[in-house]
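Beneath this line is the structure, given in structure tokens, with notes to follow.
Hydrogens, waters and symmetry mates play no part in the numbers below; they use all other heavy atoms, side chains included.
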Amino acid sequence: MTRYLVTSALPYANGPIHFGHVVGAYLPADVYVRTLRMQGEEVLYVCGTDEHGVAITIGAEKDGIAYPDYVARWRGVIKETFDRLGLEFDIWSGTSVCPQHAALSQDFFRRIDGNSYLLQRETEQLYCTTDAKFLADRYVTGTCPSCGYEAARGDECPRCAKWLNPLDFADPRCKVCGSRPERRRTTHWYLDLPKVRDEFLGGWISGHEWKPNVGTFVENQMKEIEPRPITRDMSWGVPLPAGTRGDIAGKVLYVWFDAPIGYVSFTQEWAARAGRPDDWKRWWKDADTRLVHFIGKDNIPFHCVVFPAMLYATKDGYVLPWHVPANEFYNLQGRKFSTSQGWTIPLDEFFARYDAQAARFYLLSSAPETKDSEWNWKDFQSCNNAQLADAIGNLVTRVLKFVDKHYAGHIPACAPEHEAELERVLFGECGAFGDPAEHVRAFKFRRAAEQLIENARVANVFVDRSAPWSLQKTDPARAASVLSTCAEWIGYVARWMAPFMPHKAQAIWEMLGQSDAVTARGWPQRPAPGAWRIGLAGAKLGPVAGLFPKLDDKQIAAEIAALEERSKAATGA
RNA sequence: GGCGGUGUAGCUCAGUGGUUAGAGCAGCGGCUUCAUAAGCCGCGUGUCGGGGGUUCAAGUCCCUCCACCGCUACCA
């Protein structure tokens with residue numbers, strides 16, 4: 001039977017994440033997973049931090065703490081944000097702490113090497129004898145051979161924008177200590193991507209179905225593909241496996257190589273913890289698995305080209321991605337999120353003032369699915385007030401407070417003689433409704449969010465058309481049937497919204513007098529006349545209260561002003 | 001420079017080559033009063049960035065120009 005293995009891009013453990021990351025790779029995945037689970041699918045959701053690489057070592061040294069402490073700190077900070085947003089993984093780990101990670105990464109290297117998909121190349125690189133390490137391009141500075149600018153970076157000249165090779169500097173200097181680095185020869189292993197492409201990957205990619213924003217990009221990549229180095233001269237990372245032919249001293253796997261293997265090693269960790277150490281194979285080596293990678297667009301080459309090439313090159317029976325629903329980028333009020341320039345939303349402050357569930361909904365309904373989009377404070381206000389508070393929140397209170405007042409807090413039953421007619425009106429005359437899950441399965445989360453609101457509006461129209469406040473005086477029996485019908489529909493709304501706003505959905509469910517989980521009965525079938533009521537009649541309502549407080553203009557204006565202030569302070573303007 | 005993307009209603013955006021191009025928000029008018037001053041109904045002549053082309057048919061495909069944006073892969 002089909003099972004779904006869902007991953008979100010491993011966040012890099014060198015800083016906090018912002019809403020752009022959240023909406024790109026995490027929130028859609030969480031909603032996808034929750035929806036499929038309610039539909040009875042078998043799903044595993046894997047994530048954790050990516051903890052190796054030069055950026056980590058630089059960051060840790062700057063902060064004066066050990067590498068493991070540094071990544072542990074960010075692993076924790078990032079997880080805290082995910083917790084606040086209600087993102088729930090089956091396993092959350094990290095590439096430097098997952099017990100299975102190093103061995104599995106080495107196993108990948110060994111198999112790929114054994115299958116002759118690795119090349120060895122000797123190159124010259126700058127080596128700083130003071131710091132006793134090879135220098136990445138950007139950590140070399142010197143005089144631009146093209147325009148003579150004296151503080152050019154090793155990768156690019158900031159003045160003439162020319163691409164540079166630090167070996168071309170006549171006066172290279174180590175950016176860390178200022179001393180003059182020397183040239184040294186070093187050997188590295190390269191993944192022979194052209195070979196994998198010709199043998200398999202090219203055909204697989206052109207025969208695969210991709211999101212439009214992914215397909216053209218990846219096809220293009222195929223043409224210019226080159227062998228990629230998969231080793232580095234540094235200490236922080238997974239050492240090359242013992243027994244590898246050649247000089248492996250001081251070399252580790254390049255971070256991009258070991259990072260995606262984290263998806264697999266974390267799955268192994270999950271299985272081991274569950275006491276079924278071999279269970280991970282069912283997920284990674286069985287043709288019934290549908291592997292779905294949620295990522296931002298910057299990760300497309302890795303997940304559509306490089307990682308599939310790695311999986312194939314092991315010749316070890318791994319499944320390849322089924323879908324890669326990559327998102328574009330998410331900005332903030334017209335500009336890129338930038339911590340250094342103060343163009344951010346500090347999440348501590350945000351969660352102190354705003355509802356994380358409302359944020360989930362707004363993020364999803366503004367997600368950059370087809371093109372870049374943005375967080376806009378006024379849109380957030382409008383979404384919260386008009387869609388969540390008015391369309392959904394008010395629907396719940398207007399109906400349930402009425403029930404509370406006139407039926408002593410118990411949901412009335414629908415009289416059999418009223419059913420057919422009320423349902424004819426509800427299903428035929430109150431506007432279109434649909435199944436949000438259909439859009440979720442198609443990775444159209446904005447549309448799914450919209451559908452949820454449309455479905456709630458159906459009940460508002462029904463209430464207006466039925467006018468139970470008038471019936472209460474003229475035909476109380478019919479009024480009871482109307483309210484019963486409304487309450488049942490609200491039960492559907494609660495279940496439809498469970499993947500989007502799990503806590504709010506549960507709150508509505510409890511207001512309807514239910515004590516089990518809103519997800520307990522699974523995903524609702526599309527309601528249809530005659531057979532859709534799930535029997536809420538008779539239930540004693542829980543306390544009915546507003547679900548979504550409104551956000552006023554002053555508050556939003558203050559947020560925008562604070563954003564401008566932070567930006568000015570950070571850039572010294 | 002190279003590659004890619006975007007440009008549709010005041011704003012944010014949907015729109016497999018096929019009826020008079022749509023939604024939400026904002027705005028205007030009316031109805032209603034159960035509810036978080038909430039709800040419902042009605043109201044859009046938009047150079048689909050400009051120009052050219054292919055086609056019976058183009059927002060949709062091709063060329064070109066303009067504007068904005070991203071990436072360019074040894075710091076993911």
Side-chain angles (χ1 to χ4, degrees), chain A residues 9-10 12 14 50 52-59 123 125 134-139 153-156 161-163 165-166 175 188 212-213 216-217 220-221 223-226 228-233 254-257 259-260 296-302 305-306 328-329 331 334-336 365-366 369-374 376 378-379 381-383 385-406 430-431 444 446-447 449-450 453-454 457 459-472 479 482-483 486 544-550:
Chain A
L10 304 188
Y12 201 46
N14 73 335
D50 171 11
H52 294 134
V54 178
I56 298 284
T57 59
I58 298 287
T123 59
Q125 278 188 13
F134 283 95
L135 299 174
D137 289 359
R138 185 150 157 196
Y139 294 97
R153 289 187 343 208
D155 55 346
E156 188 186 62
K162 258 232 153 91
W163 288 15
N165 181 336
K175 215 166 188 174
H188 283 294
N213 61 332
T216 47
F217 187 73
N220 234 300
Q221 292 248 319
K223 297 173 198 152
E224 306 171 7
I225 207 162
E226 284 181 29
R228 264 186 94 104
I230 66 168
T231 56
R232 294 279 86 182
D233 290 297
Y254 199 177
V255 58
W256 70 257
F257 183 85
K297 70 176 168 187
D298 51 327
N299 260 320
I300 289 173
F302 292 98
V305 178
V306 181
E328 301 293 299
F329 281 153
N331 297 316
R335 285 165 52 185
K336 286 176 73 166
S365 56
S366 63
E369 285 173 358
T370 59
K371 58 178 161 186
D372 291 1
S373 62
E374 66 174 31
N376 178 293
K378 285 185 177 171
D379 278 353
Q381 177 193 23
S382 153
C383 174
N385 292 1
Q387 303 201 289
L388 298 180
D390 294 348
I392 292 181
N394 182 62
L395 167 69
V396 173
T397 46
R398 76 187 295 205
V399 170
L400 298 189
K401 284 192 178 177
F402 195 100
V403 169
D404 203 28
K405 195 186 296 179
H406 295 282
C430 295
K444 294 181 177 175
R446 295 171 70 120
R447 180 71 190 102
E450 194 182 358
I453 300 299
E454 283 173 18
R457 287 189 201 280
N460 273 325
V461 176
F462 180 73
V463 173
D464 266 60
R465 291 211 170 204
S466 311
W469 51 90
S470 300
L471 288 176
Q472 192 62 31
V482 165
L483 268 302
C486 290
V544 177
L547 285 163
F548 298 99
K550 294 240 186 164

Measure [atom1]/[X] against [atom2]/[N] and give the value in whole Å, please.
X         : N      : atom1 : atom2 : value
Glu328(A) : G70(B) : CD    : P     : 13 Å
Ile300(A) : U72(B) : CD1   : P     : 13 Å
Asn331(A) : G5(B)  : CG    : P     : 18 Å
Glu450(A) : C25(B) : CD    : P     : 10 Å
Ile230(A) : A76(B) : CD1   : P     : 17 Å
Arg232(A) : A73(B) : CZ    : C1'   : 12 Å
Gln387(A) : G39(B) : CD    : P     : 11 Å
Tyr12(A)  : A73(B) : OH    : P     : 17 Å

Determine the Euclidean distance between corresponding [atom1] atoms of [M] and [N]; express it in Å to zero decimal places.
N      : M      : atom1 : result
G44(B) : A23(B) : P     : 10 Å
C65(B) : U19(B) : P     : 32 Å
G59(B) : U20(B) : C1'   : 16 Å
G2(B)  : U47(B) : P     : 33 Å
U16(B) : U54(B) : P     : 25 Å
G7(B)  : C11(B) : P     : 14 Å
G51(B) : A58(B) : C1'   : 15 Å
A37(B) : C69(B) : P     : 43 Å

May I ask you to say what [X] touches in the nucleic acid, namely base, sugar-phosphate or nothing, with a heavy-atom cut-off under 4.0 Å?
X         : value
Ala259(A) : base
Arg457(A) : sugar-phosphate
Pro229(A) : base
Asp298(A) : nothing
Gln125(A) : nothing
Val255(A) : base

Not counting sequence neighbours, which residues clear side chain to side chain contact (heavy atoms under 4.5 Å, CB included) with [X]? List them please.
X         : result
Lys336(A) : Asn331(A)
His188(A) : Gln125(A), Thr186(A), Tyr190(A), Thr231(A), Asp233(A), Lys251(A)
Lys550(A) : Asn385(A), Ala389(A), Asp390(A)
Asn460(A) : Leu395(A), Arg398(A)

query: Below 4.5 Å, heavy atoms only, C-beta onward: do Phe462(A) and Cys486(A) meet side chain to side chain?
result: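 Of all side-chain heavy-atom pairs linking Cys486(A) with Phe462(A), at least one is under 4.5 Å.
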
task: Answer whether the closest heavy-atom distance between the side chains of Arg457(A) and Glu454(A) falls below 4.5 Å.
output: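 A side-chain contact is absent here, since even the closest heavy-atom pair is not under 4.5 Å.
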
field: Partner set under salt bridge (charged side-chain N to carboxylate O under 4.0 Å, His left out) for Glu374(A), not counting sequence neighbours
entry: none

- request: Not counting sequence neighbours, which residues clear salt bridge (charged side-chain N to carboxylate O under 4.0 Å, His left out) with Arg465(A)? List them please.
  value: Glu429(A)

Might you list the N or O atoms of the protein lying below 3.5 Å from N or O atoms in nucleotides 7-13 of chain B, with each pair's distance?
unit_1: G7(B); atom_1: OP1; unit_2: Lys371(A); atom_2: NZ; d: 3.2
unit_1: C13(B); atom_1: O2'; unit_2: Arg446(A); atom_2: NH2; d: 3.3

- prompt: For RNA chain B, whose closest nucleotide is more 5', that of Ser382(A) or that of Phe257(A)?
  reply: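 Per heavy-atom nearest nucleotide, the more 5' residue is Ser382(A).
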
- prompt: In dot-bracket form, how is RNA chain B paired, counting a Watson-Crick or G-U wobble pair only if both its distances are under 3.5 Å and using | for bases paired to another strand?
  reply: (((((((..((((....[...)))).(((((.......))))).....(((((..]....))))))))))))....

field: Partner set under ring-ring contact (aromatic ring centres under 6.0 Å, His included) for Phe134(A), not counting sequence neighbours
entry: Tyr127(A)

query: Who are the side chain to side chain donor-acceptor pair (under 3.5 Å) partners of Asp372(A), not counting sequence neighbours?
result: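 So Asp372(A) forms a side chain to side chain donor-acceptor pair (under 3.5 Å) with Lys297(A).
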
- request: Would you please name every residue forming a side chain to side chain donor-acceptor pair (under 3.5 Å) with Gln381(A), sequence neighbours left out?
  value: Asp553(A)

- prompt: Do Asn376(A) side-chain atoms and Asp379(A) backbone N/O form a donor-acceptor pair below 3.5 Å?
  reply: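 Yes, the answer is positive, given that a donor and an acceptor are paired below the 3.5 Å cut-off.
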
task: State whether the side chain of Ser373(A) and the backbone N or O of Ser366(A) hold a donor-acceptor pair below 3.5 Å, judged by distance alone.
output: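 Yes, Ser373(A) side chain to Ser366(A) backbone: donor-acceptor pair under 3.5 Å.
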
statement: Letter by letter from the 5' end, nucleotides 32-37 of chain B scores (B base, S sugar-phosphate only, - none; protein heavy atoms under 4.0 Å) SSBBB-

